[in-house]
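Worksheet for the structure shown next.
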Protein chains: 2
Amino acid sequence: MTNQPYIILVNPQLAENVGMAARAMMNCGLYNLRLVNPRENHLSEKAVAASSNAEEILHKAEIFDSLSNAIKDLHQVFASTARRRDMIKTIYTADAAVEKIYENLSCGIKCGILFGPERTGLENDDVAIADAVIEIPLNPKHCSLNLSQAVLLVGYEWHKLQANAPKSQLVTNKTNVADKETVANMFNFLEKELDECGNFRVDEKRPRMVRNLRNIFLRSQLTEQEINTLYGVFNHLINKK
Amino acid sequence: MTNQPYIILVNPQLAENVGMAARAMMNCGLYNLRLVNPRENHLSEKAVAASSNAEEILHKAEIFDSLSNAIKDLHQVFASTARRRDMIKTIYTADAAVEKIYENLSCGIKCGILFGPERTGLENDDVAIADAVIEIPLNPKHCSLNLSQAVLLVGYEWHKLQANAPKSQLVTNKTNVADKETVANMFNFLEKELDECGNFRVDEKRPRMVRNLRNIFLRSQLTEQEINTLYGVFNHLINKK
């Protein structure tokens with residue numbers, strides 16, 4: 001897929017971790033995997049099991065004998081690392097990096113993201129090859145991540161950018177949020193009943209009590225179905241004795 | 001810690017996964033862990049090993065015999081779930097949820113986030129108990145996560161909000177970005193040398209060539225140290241023969 005960054009695992013050690021990284025990629029809709037000198041067979045039973053239905057990514061993975069060969073056809077490369085290095089580089093947060101990559105891709109600039117081996121992370125020389133660094137903002141006292149977790153966090157930011165999901169939404173399923181007339185009718189019904197049964201005994205307090213009661217229901221953004229439910233509840237209470 | 005949400009694992013199955021969730025919490029600076037009916041001992045050797053130096057969180061974890069007891073003293077509860085339920089609830093993305101939690105905490109509203117057991121996720125009744133739902137935006141065709149990965153993504157958003165790290169920064173270590181005079185002096189030096197050795201042969205092309213050359217270095221935001229390195233390089237080239 002040319003509209004995505006390449007996820008490049010440099011010298012990954014365990015096939016299982018490559019599989020878990022593939023799973024994390026699939027979670028995030030990323031499909032381009034490159035492996036530089038993987039120590040174990042990335043198509044082994046263990047790897048496929050760990051990928052949990054993402055074996056398609058493992059089968060399509062491209063294998064390279066060196067990092068320089070793995071990035072030959074790319075135009076910009078980011079190195080993800082948890083440790084600060086003694087290098088003068090631009091450091092991006094994960095979200096800023098994927099925004100940059102997204103902008104680049106739209107100008108035909110192919111991008112790759114490097115992840116180092118499990119135990120040590122990327123070597124300094126591998127970081128030096130990159131144009132910029134991705135540092136995932138985490139607790140500085142405890143920032144070590146699994147390989148697949150690092151891939152997951154960067155991939156998550158990528159997917160977030162693509163999906164642009166609404167920040168919050170009331171999911172109403174088969175019913176709709178009630179319009180203001182429907183809500184007002186319910187309020188009027190309830191307040192008339194409460195007038196009749198003496199709930200608003202003290203006249204000067206009535207307006208305030210009505211407002212308070214309305215606020216309770218207004219904060220819930222009632223659906224049409226819920227309004228019907230409430231009519232049922234009120235009527236049952238009214239006819240109780 | 002009262003300025004943080006409570007991470008509540010409901011009926012977690014494997015001690016190892018509880019340990020990994022604690023590790024993810026530590027990665028993100030979250031320390032309040034509650035466990036509802038864990039099936040295994042959360043202080044077992046396996047759990048502590050999986051927590052990878054986050055055993056402090058396991059030792060301080062509070063254990064409850066029911067979800068309703070685990071949320072008794074809280075004011076707002078979010079249920080994180082990957083599956084849509086047939087319920088009328090507000091659904092937040094992970095980042096919007098932690099923003100809401102952050103706002104709530106500043107008004108003294110204590111918040112909890114529920115995570116279900118590994119195999120099945122939260123039961124409908126557990127989701128119903130919550131005020132709102134967190135749905136992490138992921139590939140809809142492949143959105144199943146490990147327990148610890150779900151904790152990690154929500155925790156990551158929490159830490160991101162707290163840390164507010166600069167989106168991108170040039171890390172210059174012990175040197176500083178060169179001021180404009182220092183850069184101009186280097187340009188003048190280089191261009192004078194290039195005039196003398198005949199690099200700018202065609203007079204009418206000179207201004208454009210100078211601009212192009214300056215642009216190369218200006219995009220790099222050179223540091224003082226790097227300017228000195230370049231002076232060294234230029235002088236060596238000049239004196240080569």
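Every chain is numbered from 1 and lettered A, B, ... according to where its sequence line falls, protein lines coming before strand lines.
Of the two parts of B:Cys28, the backbone and the side chain both hold a non-hydrogen atom closer than 4.5 Å to a non-hydrogen atom of chain A. Residue B:Arg85 touches chain A through its backbone alone, counting heavy-atom pairs closer than 4.5 Å.
Rounding to the nearest 0.5 Å gives a distance of 12.0 Å between SG of B:Cys111 and CD1 of B:Ile71. The CZ atom of A:Phe78 lies 6.0 Å from the CG atom of A:Asn104; values are rounded to the nearest 0.5 Å. In this structure, CZ in B:Arg34 is found 4.5 Å from CD in B:Glu62, a value given to the nearest 0.5 Å. Atom CZ of A:Phe115 and atom CD of A:Gln149 lie 12.0 Å apart (nearest 0.5 Å). Considering OH of A:Tyr6 and CG of A:Leu74, their distance stands at 7.0 Å, rounded to 0.5 Å. For the atom pair CZ (A:Arg214) and CG (A:Leu190), the distance works out to 9.5 Å, reported to the nearest 0.5 Å.
Donor-acceptor pairing under 3.5 Å is recorded for the side chains of B:Asp179 and B:Thr182. In this structure, a donor-acceptor pair under 3.5 Å is absent between the side chains of B:Asn146 and B:Ser148.
Contacts between residues 154-174 of chain A and chain B, counted as heavy-atom pairs separated by less than 4.5 Å, involve A:Tyr156, A:Glu157, A:His159, A:Lys160, A:Ala165, A:Pro166, A:Lys167, A:Ser168, A:Gln169, A:Leu170, A:Val171, A:Thr172, A:Asn173. For residues 11-19 of chain A, heavy-atom neighbours of chain B at less than 4.5 Å comprise no residues at all. Close approach to chain B, defined as a heavy atom under 4.5 Å from one of its heavy atoms, is seen in A:Ile136, A:Pro137, A:Leu138, A:Asn139, A:Pro140 of residues 121-140 of chain A, taken by number. Of all residues spanning residues 217-234 of chain A, those with a heavy atom less than 4.5 Å away from chain B's heavy atoms are A:Thr223, A:Gln225, A:Glu226, arranged by number.
The two residues B:Leu145 and B:Ala150 have their closest heavy-atom pair at CD1-CA, 3.9 Å. In plain terms, the two heavy atoms of B:Ala61 and B:Leu35 that are nearest each other are CB-CD1, 4.4 Å. Looking at every heavy atom in both residues, A:Leu147 comes nearest to A:Gly116 through CD1-O, 3.7 Å.
Within 6.0 Å of NZ on A:Lys110 lie more than 12 heavy atoms contributed by other residues, nucleotides or ligands. Dense packing is recorded around CZ of A:Phe187, with more than 12 heavy atoms of other residues, nucleotides or ligands lying under 6.0 Å away.
In this structure the side chain of A:Ile8 never reaches within 4.5 angstrom of the side chain of A:Ile113, judged on heavy atoms. Counting only heavy atoms from C-beta outward, the side chains of B:Tyr31 and B:Lys60 never approach each other to under 4.5 Å. Contact of the B:Leu105 side chain with the B:Asn3 side chain is not registered, since no non-hydrogen atoms from C-beta on lie closer than 4.5 Å. Using a 4.5 Å heavy-atom threshold, the side chains of B:Met26 and B:Asn53 count as separate.
Chain A forms the most heavy-atom pairs under 4.5 Å with one residue out of B:Asp95, B:Thr175, B:Ile91, and that residue is B:Ile91. In terms of heavy-atom pairs under 4.5 Å with chain A, the best-connected choice from B:Gly29, B:Ala97, B:Ala94 is B:Gly29. Ranked by heavy-atom pairs under 4.5 Å with chain B, the first of A:Asn27, A:Thr90, A:Thr93 is A:Asn27.
At least one donor-acceptor pair under 3.5 Å links the side chain of A:Arg83 to the backbone N or O of A:Thr120. When atom types are taken as modelled, the side chain of A:Arg23 and the backbone of B:His142 share no donor-acceptor pair closer than 3.5 angstrom.
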